[in-house]
Amino acid sequence: MNTNSSNPAKVAPSKLLFFVVVFIAAALLILFIPLPQTASTPTDRTIRIEASRFQFVPGEIHVNPGDKVTVELISQDVVHGLSLDNYDFNLRAEPGQTVTGTFIANQSGVFRFRCSFACGNLHPFMIGKLTVGSNHLLLRGIVLAGLAAVGGFVSMRFGALRLSQGVQ
Amino acid sequence: MTRFDLTRFPKVNAVLRNRWPQFLLRAITLAGFTFTILAGLFGSAVGSHNFAIIFVWIAWWSALKLFFIPFGGRSWCSICPIPMAGEWLQRGGILEPGKKKVGLGKRWPRFLRGNWLQAFGFLMIGLFSAVTLTSAKITAIVLLAIILLSLLLSLIFERRAFCNYLCPIGGFTGLYAQAGPVEVRVKEAEVCAAHSEKLCYDACPWGQYPLALKSSANCGLCMECLRVCPKDNIAVNLRPWGSDLQADTRHNLSEAFLGLVMLASALVDSAIFSGPWGNLKMAAYNIGSRDWFLFAGIFLVAALILLPGFYALCVSWASKLGEKRRTLQKALAHYSQALVPLGLMAWIAFTISFAFVKFAYVLPVIADPLGWGWNLIGLQSKAGVGQSSAFSLILQVIVLAAGLFWTTRVTRRISESNRQSLPLILFSSAFTLGMLWLLIG
């Protein structure tokens, strides 16, 4: 059995168009279809984060959507900051001091928080992770990867789709 | 349309044949390279305030992965300043080849050929990346060492020995240039075959003979063959992406090793630079400490045993599902093509996660390249924090999925049947999920 498809059989353009449209529609659906969040009662949370060169402890935090989150940032060595992606939330702690700030976790997903005050060579990579609710984007990514693998297979039936095909 | 020869346009042809445009670009990159070394040696010790760190590891490294390789293959190599001095000496002239050539012109030892040393160099970059990518002085010293080594090798060996066999970035660009949309090839094979003078081969700093070129991995797009061909038989083609990745193209074991090292490095760099694990960052940064040795051990085991072992297992399984009998070594080399789009797209996704946030550092170092408090262009002199937006996260997901789509197609194309391609698609899927988890999880 040799079904090498370097010379794929000619396929009607309408079938190719159908494949492309279905594939793109499925990909868009996977990426953007609204997904329900698990229901949870918003609560008040206080999270103590210790910052030292070049890490936050804890580095990973999980809260529920709608939670009122109070962050206590304490710097263990030099001046550190904490800036949360996609949230207008910024703290700056002098060495040995604790500063607090509060925000409402009203956006779901995974957000990095970063040191916002130059603290040394690894400062640009001093990063922590806040997860609000479920990480739907990771789930979408996994399903999209499945679609990509299947789509890659199916697309080999279409000779005209030459995204990665060198034809002499 | 499968190939589009750019030399058909007289103006493009004239620009490509003329040595001046390329020379001017290389002069600019050489000036930038020299300034980068000076900034690294004498500028601020704080990496994020130093031109050397921001321009090498954020601006240039990102441009290489997002622009040069995906749209130009090895186009960066055609303007890279590192081999310039050695090349001038070798050919006895700065712009044109002269009569008084310098160098011993020895052949590179056969046992050191292939991509092994480049892969080893890339492994070293990974092992020391937390320091090299953040210390301006170390970056400057590494660049200085590279340029001196390149010069020394060009005085001992013929052609671009450093670029061909040692440069880790050359290994990176060469591997992924196979997926790129640019190639240099002959127009008519018969014309070359009938021409006894091999001026193109003699002129090629890379030691390539255009008639024999089947892959763009080792062609640096320097255009010397185009300039010296008296038969006007060299084409500079735009081609479909991934054209070198075919069922009948030949690949060797060192390419597989290089491809696997690149995959392992993409995983490790994503974990160190985009992950929330402070202990890992500190372990990678504190070279010589017990934690660093632990990190190095895990990295090397992952890069040299676990990932290659998983790959070998999948290749061995795939071989058993086909009719064509190949040794494991040949099968490992053959399927290494699948690692090319997989790795290229993974590096692009990592770069999006990394560079989009860190671009906030670029403008301030233009205003104050040495971190001495200048404000040369009147712009902000303080770096913003940078954020990863929802758009950049979705883009990373799309790029990784596109990489798996592309890899699946390449794997299927180089396999005898659907069934035979499944083990390698399993390998690629597992890697893609790992990258997704590191970047999006």
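Values in this document were obtained by computation on a predicted structure and should not be read as measured data. Chain letters run A, B, ... following the sequence lines, proteins first, then strands; residues in each count from 1.
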Q | Approximate separation, where rounding is to 0.5 Å, of Asn121(A) CG and Ile138(B) CD1 | A | 9.5 Å
Q. Is it the side chain or the backbone of Ile53(B) that comes within 4.5 Å of chain A heavy atoms, both, or neither?
A. neither
Q.
For residues 393-400 of chain B, give me every residue with a non-hydrogen atom less than 4.5 Å from any non-hydrogen atom of chain A.
A. Leu393(B), Ile394(B), Val397(B), Ile398(B)
**Q.** Heavy-atom proximity to chain B below 4.5 Å, by part of Ile142(A)
**A.** both
(Q) Around atom NZ of Lys137(B), are there more than 12 heavy atoms from other residues, nucleotides or ligands closer than 6.0 Å? (A) no
Q: Specify the closest pair of heavy atoms between Gly59(A) and Pro276(B), including all atoms of both residues, with the distance to one decimal.
A: O-CB, 3.6 Å
Q: Answer with side chain, backbone, both or neither: which region of Asn86(A) has an atom nearer than 4.5 Å to a non-hydrogen atom of chain B?
A: both
Q) Donor-acceptor pair, Arg409(B) side chain versus Gly151(A) backbone, under 3.5 Å? A) no
(Q) Side chains of Phe153(A) and Ser421(B), heavy atoms from C-beta outward: is any pair under 4.5 Å? (A) yes
Q. So which of Leu138(A), Asp85(A), Asn135(A) has the largest heavy-atom pair count under 4.5 angstrom toward chain B?
A. Asp85(A)
Q: Check the side chains of Trp277(B) and Glu60(A) for a donor-acceptor pair under 3.5 angstrom, ignoring hydrogens and angles.
A: yes
Q: Kindly compute the distance separating OH (Tyr285(B)) from CD (Gln55(A)), expressed to the nearest 0.5 Å.
A: 14.0 Å
Q. Side chains of Arg114(A) and Val357(B): closer than 4.5 Å at any heavy-atom pair?
A. yes
Q) CG/Leu122(A) to CE/Met282(B) distance, rounded to the nearest 0.5 angstrom? A) 7.0 Å
Q. Can you say whether the rings of Phe354(B) and Phe125(A) are parallel (under 30°), tilted (30 to 60°) or perpendicular (over 60°)?
A. parallel
Q: Heavy-atom distances under 4.5 Å only: say whether Asp248(B) touches chain A with side chain, backbone, both or neither.
A: neither
